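Notes for the one structure printed next.
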Amino acid sequence: MNVDEVGKALFGRPCRLALALWIVRHDKPRFYQSEPPREVILPGDLAKELGRLVRLGMLEEERPDDVRRVYYDRTDSPLWKIIEAAADVIDP
């Protein structure tokens, strides 16, 4: 990935960083799609932004056949270190 692609995908919208910060601060590495609160990201933006994080390799998506929920698992992508650094300087 080049710098333009990562920069746009990771920081192109304020809600993208807010969602990534929520994921970093979430107490478990696994969450379901509707779990992030409205204060973090509007429901209409959520699936699109989660999809971007999947494409960046920061999340893995799971859609179990017997469950209607979509689950996401945080990966060990080095891009999370950028978000963790941002979390250190941004108020919760």
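Note: hydrogens, waters and symmetry copies are ignored here, and every other heavy atom, side chains too, is used. Here the structure is a predicted model, which means the values were calculated and not measured.
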Is it true that Leu21 and Leu42 fall in one hydrophobic cluster, defined by side-chain heavy atoms closer than 4.5 Å?
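Leu21 and Leu42: separate clusters.
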Pairwise distance CZ(Arg16) to CG(Leu56) - rounded to 0.5 angstrom
8.5 Å
Here the gap from Met58 atom CE to Asp73 atom CG, rounded to the nearest 0.5 Å, amounts to 14.0 Å
Residue [X] excluded, over 12 heavy atoms near [atom1] under 6.0 Å:
X	atom1	value
Asp65	CG	no
Asp76	CG	no
Glu60	CD	no

Is there a side-chain contact between [X] and [Y] (heavy atoms, below 4.5 Å)?
X	Y	result
Pro36	Leu19	yes
Gln33	Leu50	yes
Ile41	Cys15	yes
Phe31	Leu59	yes
Leu79	Leu53	no

Glu61 and Arg69: salt bridge (charged side-chain N to carboxylate O under 4.0 Å, His left out), yes or no, with the steps?
CA-CA 11 Å; Glu61 181 181 283; Arg69 285 187 171 166; over 6 Å; no
Ignoring hydrogens and angles, tell me if any N or O in the side chain of Glu35 forms a donor-acceptor pair with the backbone of Tyr32 under 3.5 Å.
yes
Any donor-acceptor pair under 3.5 Å from Trp22 side chain to Val40 backbone:
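Flag not set: sc Trp22 to bb Val40 has no pair under 3.5 Å.
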Over all atoms of both residues, closest heavy-atom pair of [X] and [Y]:
X	Y	result
Ala20	Trp80	O-CZ3, 3.6 Å
Gly57	Ser77	O-CB, 3.5 Å
Leu17	Ala86	CD1-CB, 4.3 Å

With Arg30 as the cation and Tyr72 as the aromatic partner, state whether NZ or CZ is under 6.0 Å from the six-membered ring centre and within 45° of the axis.
no
